[in-house]
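To start, the structure itself, in structure tokens.
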Amino acid sequence: MNVPREIATDTVDRVLTLRWPDRREQRIAHAELRRACACAECRRIRLDGHVVGASPDVALIDMHMMGYGVQLIFSDGHARGIYPWRYLEQMGLM
Ligand SMILES: [Zn+2]
């Protein structure tokens, strides 16, 4: 399992930066993370062919390391998504 060496959030630009062991740096907008929320509820919405509603202004306000990934807490009150490292790593590639 690839685990980032460093994870940092920029509250001004609203971007999450992940630095991977191979030195690759990945930047993901907070709104993009919110739309890609990994919780069961948001997965269901996408499976049904809908888009998860996320304001472009939504911000990541807290995060909790979970070992296999990270729980992301958003400014719209949504905090259910635990994003596995593998899921995050693939986000920029989709
Ligand atoms: Zn969700």
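Counting starts at 1 for both ligands and their atoms, following the listed order. Model, not experiment: these values are computed from the prediction.
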Listed by chain and number, what are the salt bridge (charged side-chain N to carboxylate O under 4.0 Å, His left out) partners of Asp57, not counting sequence neighbours?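 Residues passing salt bridge (charged side-chain N to carboxylate O under 4.0 Å, His left out) with Asp57: none at all.
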Residues that Arg80 engages under salt bridge (charged side-chain N to carboxylate O under 4.0 Å, His left out), provided they are two or more places apart: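 Once residues adjacent in sequence are excluded, the partners of Arg80 under the salt bridge (charged side-chain N to carboxylate O under 4.0 Å, His left out) criterion are Glu41.
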Ring-face cation contact, Tyr87 with Arg43, 6.0 Å cut, 45° max: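 Yes, Arg43 lies over the aromatic ring of Tyr87.
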So does His78 get a backbone contact from the side chain of Asp76, meaning a donor-acceptor N/O pair under 3.5 Å?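 The answer is yes, because a donor-acceptor pair under 3.5 Å joins these two groups.
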Atoms of the protein (N/O/S only) found under 2.8 Å from the Zn ion (ligand 1):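 Atoms qualifying: Cys37 SG, Cys39 SG, Cys42 SG, His78 NE2.
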Quick test of your reading of the model: are Arg14 and Asp10 salt-bridged, counting only N-O distances below 4.0 Å?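 No salt bridge links Arg14 with Asp10.
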Taking the hydrophobic residues Ile, Leu, Val, Met, Phe, Trp and Tyr, and joining any pair whose side-chain heavy atoms are under 4.5 Å apart, which ones share a cluster with Val52?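 Ile45, listed by chain and number.
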